[in-house]
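Notes to accompany the following structure.
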Amino acid sequence: MADPKGFLTTPRREWPRRPVEERVQDWDEVYVPGALLPLIGPQADRCMDCGVPFCHEACPLGNLIPEWNDLVSRDDWRAAAERLHATNNFPEFTGRLCPAPCEAGCVLAINQPAVTIKNVECAIADRAFEEGFAPPAPPERLSGRTVAVIGSGPTGLAAAQQLTRAGHTVAVYERDDRIGGLMRYGIPEFKMEKRHLERRIGQMRAEGTKFRTGTAVGRDVDAAALRHRYDAVVIATGATAWRELPVPGRELTGIHQAMEYLPLANRVCQGDLEVSPLSAAGRHVVIVGGGDTGADCLGTAVREGAASVTQLDIYGRPGTERDEDTEPWPTYPRLYRLSVAHEEAGELGTAPSADADARLFAASTLRFSGDADGRVRWLHLVEVDAERRAVPGSGRALPADLVLLALGFSGPDREDGLIAQLGLELEPRGTLARDAGFATNVPGVFAAGDAARGQSLIVWAIAEGRAVAAAVDRHLTGGTSRLPAPIGPYDRPMTA
């Protein structure tokens, strides 16, 4: 604990964002370049080095947060990078994309603003690459065993890196033309520039991991044949079966899933397209769904020049303070949070019919109506109470030329042939069934990440990848594994 009084004398300060009117003109990350590093030392000093650090329990990776906070406060960046990477393969991703349940579990957060754990993590990760503290770590010898990892999201990449470093020969199969899964085509550039992803993929290539892009297992490659080619297979395809909105008018043109819309915008940033076929430019956009994916659509539509953007959330507006009766510390509370996209929409006034941040809370979609050409023109909604019952007389209509459905995902895609060709069993909720060792009903085939757990956070995805790698390593060696297993398949986030 470098400064015993740091948490008493230093206020919380976060990485400042660029002015809204500046950042919505480009796709660069929203933060002021170079403004984080001067803040980090004093912010790390706020960590109390608790005797029982609940930030460890709140994060499924078990990040050694007090240790690297102390090292940063002492300006020992090399050691901080080593302790950070000891539990997290990709801290530059989590430092930008994770909602930080660790901060909700920070002991300081009982009665003060939490330590800026996420910002410190991001600073260490970026400094590690800049200073050469994260070199490739190829294995000293190869085991002669081979593993196929299907899916290149955070779970698949974490599993592949761990298994490669353990000495196994690993090939990652990705159906898209580039590696990264949801991080590549689902996360907007303004939240995480893809150079961070490319940098980590380059490290993995140097370590020996092989990548097979543009290969959909189940369609381009028979899954059963692939199983026979490798000693083990890890299925980390994610939860890509999106939820639908079965209301009248859904068949109208101009209503799309969020994951049809976001990848096209990302492809514009990658240089594949000049303009997205689903661009929001000049259109009245309504986003159905109040989660992070909906916020990503909001920020994207603002940058594309939408005439208006409104986001609907079926839940009521949450409070700004933790409810100690229903969501006591150290659980992750549902609070009113202002994401970068909501801040932008609020300042620009993108939704004159909604709240200041473009969100309409407690709003349920009843139906869509369109014009004579079959294009959507209006979204009809009603206000609902806490039991989702319609409030009489609260119905109204919003202009809508483009409707984006951001309702989450129910499990892996069942139509690509992978599940049927391998004969995999499913849980009643549609996810892949597995045992306590991450193994499916098919010998040598393991399942991890959202495909088996269900839709979750990036920290859980990476933890799943690390844990399934340990299970596969035990399977291949016929004994124990030196690889860490931070979670089990049945572990869940802390709840009251």
Side-chain angles (χ1 to χ4, degrees), residues 7 12 46-69 83-84 86-91 93-122 154-155 158 239 290-293 315-316 318-337 339 408-409 427 429 431 434 436-438 448-468 470-471 484-496:
F7 68 97
R12 176 182 169 105
R46 297 182 72 238
C47 179
M48 299 186 294
D49 194 16
C50 309
V52 182
F54 276 84
C55 55
H56 284 196
E57 296 299 319
C59 177
L61 287 166
N63 282 333
L64 307 173
I65 295 164
E67 293 187 31
W68 39 259
N69 273 328
R83 300 313 288 150
L84 179 59
T87 57
N88 187 352
N89 296 71
F90 314 123
F93 304 161
T94 54
R96 288 173 167 84
L97 304 177
C98 182
C102 54
E103 293 188 14
C106 174
V107 174
L108 186 58
I110 294 175
N111 62 359
Q112 292 188 48
V115 174
T116 54
I117 298 171
K118 182 175 170 177
N119 281 180
V120 177
E121 177 182 40
C122 193
T155 297
D292 289 342
T293 301
Y315 295 101
T320 56
E321 299 292 335
R322 181 195 293 272
D323 186 333
E324 293 294 347
D325 292 329
T326 60
E327 297 175 313
W329 176 88
T331 62
Y332 188 76
R334 184 173 183 266
L335 299 175
Y336 176 77
R337 295 180 173 90
S339 74
F409 305 89
E427 297 287 357
R429 59 191 181 127
T431 54
R434 56 185 180 176
F438 293 87
D450 289 3
R453 173 172 292 275
Q455 186 177 351
S456 191
L457 304 179
I458 185 171
V459 279
W460 282 92
I462 297 172
E464 285 256 340
R466 290 171 67 86
V468 77
I487 60 170
Y490 309 129
D491 289 340
R492 292 295 181 268
M494 288 188 297
T495 57

Q. For Thr94, which of Asn63, Asn88, Leu457 qualifies under side-chain contact (heavy atoms from CB on, under 4.5 Å)?
A. Asn88
Q | Separation of Cys106 SG from Ile117 CD1 (nearest 0.5 Å) | A | 5.0 Å
Q) Just by modelled atom types, is the Ala461 backbone N or O under 3.5 Å from a matching donor or acceptor in the Thr155 side chain? A) yes
Q.
Going by salt bridge (Lys or Arg N to Asp or Glu O under 4.0 Å), name the pairs with one or both residues in residues 454-464, residues two or more places apart or in two chains.
A. Arg434-Glu464, Arg453-Glu464
Q: Measure across Ala470 and Pro484 and return the closest heavy-atom pair with its distance rounded to 0.1 Å.
A: CB-O, 3.8 Å
Q) Would a distance-only check, ignoring hydrogens and angles, find a side-chain to backbone donor-acceptor pair under 3.5 Å from Arg46 to Pro113? A) yes
Q: Determine which pairs satisfy salt bridge (Lys or Arg N to Asp or Glu O under 4.0 Å) with at least one residue from residues 52-69, sequence neighbours left out, and list them in order.
A: Glu67-Arg83
Q) Would you say the side-chain atoms of Arg466 pair up with the backbone N or O of Ala158, donor to acceptor, closer than 3.5 Å? A) no
**Q.** Qualifying residues under side-chain contact (heavy atoms from CB on, under 4.5 Å), relative to Ala463, sequence neighbours excluded
**A.** Pro60, Leu61, Pro486, Ile487
Q: Identify the two heavy atoms, one from Ala58 and one from Cys102, that lie closest to each other, and give their separation to 0.1 Å.
A: CB-CA, 3.9 Å
Q | Gap between atom NE2 of His56 and atom OG1 of Thr87 - 0.5 Å precision | A | 8.5 Å
(Q) Can you tell me how far apart CG (Leu64) and CG (Asn69) are? Round to the nearest 0.5 Å. (A) 11.0 Å
Q. If you round to the nearest 0.5 Å, how far is OG1 of Thr495 from CD of Glu327?
A. 10.5 Å
(Q) Once rounded to the nearest 0.5 Å, what's the spacing between atom CD of Gln455 and atom OG1 of Thr431? (A) 12.5 Å
Q. Taking all atoms of both residues into account, what is the closest heavy-atom pair of Cys98 and Lys118, and its distance?
A. O-NZ, 2.6 Å
(Q) Would you compute the distance between atom CE of Met494 and atom SG of Cys59 and round it to the nearest 0.5 angstrom? (A) 10.0 Å
Q: Might you point out which heavy atoms bring Asp450 and Ser456 nearest each other, and give the distance in Å?
A: OD1-N, 3.5 Å
Q.
With a sphere of 6.0 Å drawn around OH of Tyr336, does it hold more than 12 non-hydrogen atoms of other residues, nucleotides or ligands?
A. yes
Q: Evaluate the side-chain proximity of Asp491 to Trp460: yes if any heavy-atom separation is below 4.5 Å, no if none is.
A: yes
Q.
Using the ring pair (Phe, Tyr, Trp, His ring centres under 6.0 Å) criterion, which residues pair with Phe54? Sequence neighbours excluded.
A. Trp329
Q: Output yes when a side-chain donor or acceptor of Arg322 lies under 3.5 Å from a complementary backbone atom of Tyr332, and no otherwise.
A: no
Q: Could you pull out all residues at least two apart from Thr331 that satisfy side-chain hydrogen bond (donor to acceptor under 3.5 Å, both in side chains)?
A: none
**Q.** Heavy-atom closest pair, residues Pro53 and Pro66
**A.** CB-CG, 3.8 Å
Q.
Run the ring pair (Phe, Tyr, Trp, His ring centres under 6.0 Å) test against Phe90 and tell me which residues pass, sequence neighbours left out.
A. Phe93
